[in-house]
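The block underneath contains the structure these notes are about, expressed in structure tokens.
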Amino acid sequence: MNLPFDELNLRISNAVSFEHLGEERNQFNQMIQNFLSSIEEIKIKEITLINEIHDLFIQRTITLSEIELEDRGFGPPPVSYDFILFGSGGRFEQTLWSDQDNGLIYEDTNHDQKETIDAYFKELAVCIEQGLEKAGYPPCDGKVICTNSLWNKSLEEWVIKMNDWFEDPHWEHVRYLLILADSRSVYGEGKLVKKMKDIYLKKVTSTSTILDKMMHNTLHHKILLGVFGHLIKEQYGEKAGGLDIKYGAYIPMVNGIRLLSIEAEIFETSTLERIQKLKQLNVVPERYALEYESAFTHIFKLRFKTLYKEENGLYTSNGILKAKQLTKDQREKLKSSLRIGNKLQKYIKKKIDSSS
């Protein structure tokens, strides 16, 4: 794919409004859709490039939001901050149709300034969410978004909240902790996110039973491979007959590699980078790492074939792939990748159970 990255960067950087960004996003998506329809399989380097473009759109949205707040009399950001991506954005694994999964972390301050600073970042979050929506990114259905006070805090408040989740690790709190593991700074120096994640990873190793709790959450999504080796298709509704590539293939592998990485105190968020680190640290045998890398890469590429829609300028995908989109050889390759996904889940259970 010969994407004019420098030209796109310039056009996005020169966008003067959220609506202008939305126009650029429409053109970008159309360009990629035309490209995807002309090839049989996307390459990892092309997915990486698409994610770099997503970062540019998000970064420009934040810059325009800062400018808008200054024009409205709020002034510049009162302290340094990082804008965080979670989910596929945090893992640098967004498709064209990812939603908003994000948060804010800002520098600790004197308490007499706290109210003013909190108010600024609350207002900035509203502006960023609205701007990203105008640029084609729908808000997260699960409310993991910077306008939710749960995901918009000072570093001190983040640490307090994390400790609460560690000390009361019921299902939802464990889900929040797993979300944090994928956090990546897309705007700012990244120092605040690093401090938070350093504390987070050390807390994992010092908190008994937390990995066991995380494992149960991690293994919640089952591989879409039946006991007789057949692909499990959706049974009902508009998805009937389709393959849930997102939750039946991609997410189980992402979750599994993430848990092994958390246990090993690995800072990287990309699944492929995590696999490489797990191999380098001898956390998993090299032959397993090579299998995981091959299977994940195949499944990751299939995500770009899943059904999507554009509605009112917003891009969404349900993660479903029509079975007829795959040739016989492609179905067999998917089955092979899913068998490796099953092996990964069994390996995780055995490893975490033995260390509990």
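Fair warning: this is a prediction, and the values are worked out from it, not measured in the lab. Just so it is clear, the values below take in all heavy atoms, side chains as well, and ignore hydrogens, waters and symmetry mates.
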Would you say the side chains of [X] and [Y] form a donor-acceptor pair under 3.5 Å?
X: Gln30; Y: Asn34; answer: yes
X: Asn9; Y: Ser13; answer: yes
X: Gln94; Y: Ser88; answer: no
X: Ser261; Y: Glu268; answer: no

For residues [X] and [Y]: do they belong to one hydrophobic cluster (side chain heavy atoms under 4.5 Å, members Ile, Leu, Val, Met, Phe, Trp, Tyr)?
X: Phe5; Y: Leu96; value: yes
X: Val126; Y: Ile62; value: no
X: Ile160; Y: Leu155; value: no
X: Val193; Y: Ile128; value: yes
X: Leu49; Y: Leu10; value: no

Counting neighbours of [atom1] on [X] that are heavy atoms of other residues, nucleotides or ligands and sit closer than 6.0 Å, is the number greater than 12?
X: Lys301; atom1: NZ; value: yes
X: Lys279; atom1: NZ; value: yes
X: Lys191; atom1: NZ; value: no
X: Phe166; atom1: CZ; value: yes
X: Asp141; atom1: CG; value: no
X: Glu189; atom1: CD; value: no
X: Gln113; atom1: CD; value: yes

Note: [X]-[Y] ion pair, threshold 4.0 Å (strictly below):
X: Arg184; Y: Asp55; value: yes
X: Arg72; Y: Glu123; value: yes
X: Glu332; Y: Lys328; value: no
X: Arg274; Y: Asp182; value: yes
X: Lys351; Y: Glu263; value: yes
X: Lys122; Y: Asp118; value: no
X: Glu273; Y: Lys277; value: no
X: Glu157; Y: Lys114; value: yes

Measure the spacing between [atom1] of [X] and [atom2] of [Y] and express it to the nearest 0.5 Å.
X: Leu321; Y: Thr306; atom1: CG; atom2: OG1; result: 7.0 Å
X: Phe74; Y: Glu66; atom1: CZ; atom2: CD; result: 13.5 Å
X: Trp151; Y: Asp101; atom1: CH2; atom2: CG; result: 9.5 Å
X: Tyr106; Y: Trp158; atom1: OH; atom2: CH2; result: 10.5 Å
X: Asp244; Y: Lys246; atom1: CG; atom2: NZ; result: 9.0 Å
X: Cys146; Y: Ile84; atom1: SG; atom2: CD1; result: 10.0 Å

Do you know the tightest heavy-atom contact between [X] and [Y]?
X: Leu21; Y: Ala135; value: CB-CB, 4.2 Å
X: Gln100; Y: Cys140; value: O-CB, 2.7 Å
X: Leu326; Y: Leu302; value: CD2-CD2, 3.9 Å
X: His20; Y: Ala15; value: ND1-CA, 3.4 Å
X: Asp99; Y: Pro138; value: CB-O, 3.1 Å
X: Val283; Y: Tyr347; value: O-OH, 3.2 Å

Ring-ring centroid check [X] [Y], cutoff 6.0 Å:
X: His54; Y: Phe92; result: no
X: Trp165; Y: His170; result: no
X: Phe296; Y: Phe300; result: yes
X: Tyr176; Y: Trp171; result: no

Donor-acceptor pair, side chain of [X] and main chain of [Y], under 3.5 angstrom:
X: Asp82; Y: Gly190; result: yes
X: Arg91; Y: Thr271; result: no
X: Gln330; Y: Thr327; result: yes
X: Ser294; Y: Leu290; result: no

> Mind checking whether Phe304 and Trp97 have parallel, tilted or perpendicular rings, split at 30° and 60°?
Replying inline: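 Correct class here is tilted.
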
> Which is it for Asp198 and Lys202 under the salt bridge (charged side-chain N to carboxylate O under 4.0 Å, His left out) test, yes or no, and what are the steps along the way?
Replying inline: CA-CA 6 Å; Asp198 283 342; Lys202 287 180 174 60; 5.1 Å; no

> For Thr116 and Tyr120, what are the C-alpha separation, side-chain angles and deciding distance, and is it a side chain to side chain contact (heavy atoms under 4.5 Å, CB included)?
Replying inline: CA-CA 6 Å; Thr116 301; Tyr120 175 89; 5.9 Å; no

Could you tell me whether the side chain of [Y] reaches within less than 4.5 Å of the side chain of [X], counting heavy atoms only?
X: Ile50; Y: Ile42; value: yes
X: Lys195; Y: Val159; value: no
X: His220; Y: Asn255; value: no
X: Asn152; Y: Thr147; value: no
X: Leu150; Y: Val144; value: no
X: Ile105; Y: Tyr81; value: no
X: Lys349; Y: Met215; value: yes

> Do we get Lys197 above Phe267's six-membered ring, with its NZ or CZ under 6.0 Å from the centre and within 45° of the axis?
Replying inline: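 Yes; both conditions hold, so Lys197 lies above the ring face of Phe267.
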
>> With side chain to side chain donor-acceptor pair (under 3.5 Å) as the criterion, how do Asn342 and Arg339 come out once you've worked through the C-alpha distance, each side chain's angles and the decisive distance to 0.1 Å?
In response: CA-CA 5 Å; Asn342 267 331; Arg339 283 192 286 271; over 6 Å; no

>> Set out, in order, the CA-CA distance, both residues' side-chain angles and the distance that settles side chain to side chain donor-acceptor pair (under 3.5 Å) for Glu167 and Asn163, then state yes or no.
In response: CA-CA 6 Å; Glu167 290 167 12; Asn163 285 333; 5.4 Å; no

>> Quick one, Glu107 with Ser154, criterion side chain to side chain donor-acceptor pair (under 3.5 Å). Give me CA distance, side-chain angles, the key distance, then yes/no.
In response: CA-CA 6 Å; Glu107 195 175 12; Ser154 70; over 6 Å; no

